[in-house]
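Structure first, then comments.
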Amino acid sequence: MNKKAIKWLYQELPELVAKGILTQEVAGKMREYYGEVKRTSRTSVVLIICGTIGALLIGLGIILLLAHNWEQFSRFTRVILSLAPLVIGQGLAFWVLWKRPQSVAFKEGTATFLSLMVGASIALISQTYNIPGDTGTFILAWMFLIVPLVYIMQASLPAAIYLLGVTSWSGSYWDNPAKAVLFWPLAAIITPHFIWALRQEIYTIRTTILSLVMIICISLGTGFSLGKTWSGSWVILFPSIYAIFYLLGWWKFSRLTSNWQRPLRIIGGLGLFVLAFQFTFRYVWQHLDSYSYRSDRMVSGVAVLPDNIITFAIIVIAMLLFYDTVKRKNITISLFGAVPLLAILAYLVRGQSTVLPLLIFNVYLFVLSVSRIIIGIRNNSLGTINIGMLMLAILIIARFFDSDISFVIKGLAFIIVGMGFLATNVLLARRRGVQNEK
Amino acid sequence: MKNNLIIGIFLCLASIQIVTPLSMITRRESVLKNGVQFKFKTAPVDPYDAFRGRYVALRFEGDNVSRPKGVPLNDSQNVYALIAIDEQGFAKFSTLSTSKPQGVPYIQAKVRHISRDNVQLDLPFDRYYMEEKAAPVAEEIYRQHSRQDKQDAYLLVRVKDGFAVIEELYVGGRRIEEAVRDAKKK
């Protein structure tokens with residue numbers, strides 16, 4: 001439930017009671033049902049943002065100041081100056097834990113500052129002693145040194161930094177699947193924090209940031225670490241990942257209401273549409289078996305197992321979540337979540353004919369977009385109708401470009417699709433106007 | 001009570017965070033103090049090689065070692081490169097070993113590439129960091145002293161128990177920092 005709506009309701013309640021529309025008892029029960037609106041949220045959000053940005057700026061400033069006169073310092077001075085930011089960061093974090101353990105903003109800010117300073121110190125020391133650049137090892141050491149902060153200080157930005165770190169670590173081993181696959185256990189370390197953050201209601205902004213970073217990192221991490229020993233598996237793997245995002249986004253972890261607070265649902269849905277759309281093109285299925293990420297390094301035997309096990313697990317989770325929504329007879333959500341299942345089907349039948357997978361996804365996208373339009377009309381929601389029409393238009397236009405039709409007819413098709421958009425919107429707007437007049 | 005526990009855990013973490021860079025420092029300081037000094041002659045720079053901007057990228061003449069017979073080697077394997085001194089006083093690698101050598105100076109390095117007769121090594125010193133403004137000047141100077149026709153740059157390295165730490169980079173008989181300072185004055 002929207003916090004703003006509850007606030008509005010609470011403002012109205014006294015008047016409703018005064019006018020005799022509600023009894024005092026009912027009003028009391030409503031208050032009981034919706035609970036107290038926490039007032040701290042706005043100030044603490046501002047504090048978190050200011051605190052964190054301030055921490056970042058101070059940290060970067062310190063490093064810049066140091067780097068400026070670096071050459072003139074003796075090695076001893078450099079070492080002291082390299083360690084100083086780290087010690088300052090630790091001091092600040094300690095002070096917050098000691099004196100302000102309740103302040104989310106202070107904890108988030110100092111934990112972020114300390115996380116960055118750990119990296120800065122190691123990097124500065126590496127420069128002082130000309131330590132050769134093994135980026136992977138450096139990042140991993142840095143990440144291990146900061147990840148406990150996520151739990152000690154209940155801070156989400158260090159968790160985001162950690163996720164970005166292990167993702168780039170995995171990226172530095174993209175040609176070595178046996179190592180890159182460690183991305184999954186490494187990323188799993190922050191799962192408890194992520195779930196905890198999703199359950200929190202008040203500080204949604206950091207949960208949103210963390211969700212976004214999580215989505216980006218898992219998408220990249222999948223590309224870096226999986227599908228290298230089983231060519232063509234990506235057509236099932238990526239839809240499964242986005243289906244998991246999308247379906248998890250519908251779970252009621254907390255009472256989120258506005259759209260930007262639901263990155264899982266929105267990006268998951270968008271990803272599923274983009275993938276399904278991509279699968280309507282012939283080239284995906286034509287080159288599926290000939291093209292693979294396989295690197296020069298031969299991967300065989302046991303080294304293949306982690307890749308295949310994790311791929312399999314992701315597909316199974318997507319299937320289970322899909323089954324769950326189907327069981328609850330939620331048709332709209334199930335339709336989106338069906339992409340992995342269809343991808344498996346298409347993967348299996350592609351041997352018979354390359355037309356079959358194309359047929360599956362063209363029909364699927366047609367059904368999906370038409371169903372959106374119907375739902376939109378039923379609920380009188382212009383947004384849903386337009387999304388459905390946009391999806392349909394993209395499908396139609398793509399098919400027109402695929403086929404050998406003259407430019408004149410292609411141009412006409414564009415005009416017709418555009419007019420369809422306008423006409424539907426005008427009609428609906430009118431219908432709404434009529435309904436409002438009644 | 002709960003907060004005390006959290007602070008305790010934090011203090012443990014903080015000490016690990018401090019000990020990590022400190023151990024990096026002490027290990028290198030001990031090599032710089034007690035290690036044996038070697039001069040490694042640098043290899044000519046490919047003129048088309050990109051400038052780095054933050055450090056001088058180093059390559060060495062001696063990073064090619066003849067492939068030892070009867071020793072199975074793989075790419076990125078850790079090996080011990082035994083150090084010998086040539087007539088001009090520069091360090092060279094005489095041979096490779098997969099077990100720790102006794103009584104001779106050596107460096108622990110990684111196999112980068114194996115050809116039929118040679119093994120190319122990834123040495124644990126491949127860059128010399130300079131301040132942001134000095135680095136491009138230093139790279140230019142280093143190139144002038146690392147050409148086919150004029151090659152008088154070398155790296156001073158201290159080695160102890162297979163662990164190598166860079167001491168100074170020399171071009172034309174003086175430290176690169178001095179060469180940069182003179183070049184800036186001109």
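We name chains A, B, ... by the order of the sequence lines, and we start the count at 1 in each one. Since the structure is predicted, the reported quantities are computational estimates derived from the model, not experimental observations.
Counting only distance, with no hydrogens or angles, the side chain of Asn130(A) and the backbone of Val165(B) share no donor-acceptor pair below 3.5 Å.
Of all non-hydrogen atoms in Ser126(A) and Met24(B), the two that sit nearest each other are OG-CE, 3.8 Å. Closest heavy-atom contact between Leu13(B) and Leu145(A): CD1-O, 3.5 Å.
Residues Leu114(A) and Phe10(B) form a side-chain contact, since some pair of their non-hydrogen atoms from C-beta on lies under 4.5 Å apart. Contact annotation: the side chain of Ile166(B) never approaches that of Tyr129(A) to less than 4.5 Å [non-hydrogen atoms, C-beta and beyond]. Using a 4.5 Å heavy-atom cutoff, the side chains of Gln17(B) and Ser121(A) are not in contact. Taking 4.5 Å as the limit, some side-chain heavy atom of Ile131(A) sits within range of a side-chain heavy atom of Arg28(B). A 4.5 Å side-chain heavy-atom check between Pro148(A) and Ile9(B) finds every atom pair outside the cut-off.
If you measure heavy-atom distances from Ala93(A) to chain B, the contacts under 4.5 Å come from both the backbone and the side chain. For Leu83(A), the part lying near chain B is the side chain, with the backbone staying farther off; criterion is any non-hydrogen pair under 4.5 Å. With a 4.5 angstrom heavy-atom cutoff, Leu86(A) touches chain B only via side-chain atoms. Only the side chain of Leu32(B) comes within less than 4.5 Å of a heavy atom of chain A; its backbone N, CA, C and O stay farther away.
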Requested in this report: Applying side chain to side chain contact (heavy atoms under 4.5 Å, CB included), run through Asn3(B) and Trp98(A) and close with a yes or a no.
Outcome: CA-CA 8 Å; Asn3(B) 200 36; Trp98(A) 185 256; 5.9 Å; no

**Report entry** Audit row: Gln127(A), Tyr55(B), side-chain hydrogen bond (donor to acceptor under 3.5 Å, both in side chains) steps and yes/no
**Finding:** CA-CA 9 Å; Gln127(A) 281 200 22; Tyr55(B) 58 88; over 6 Å; no

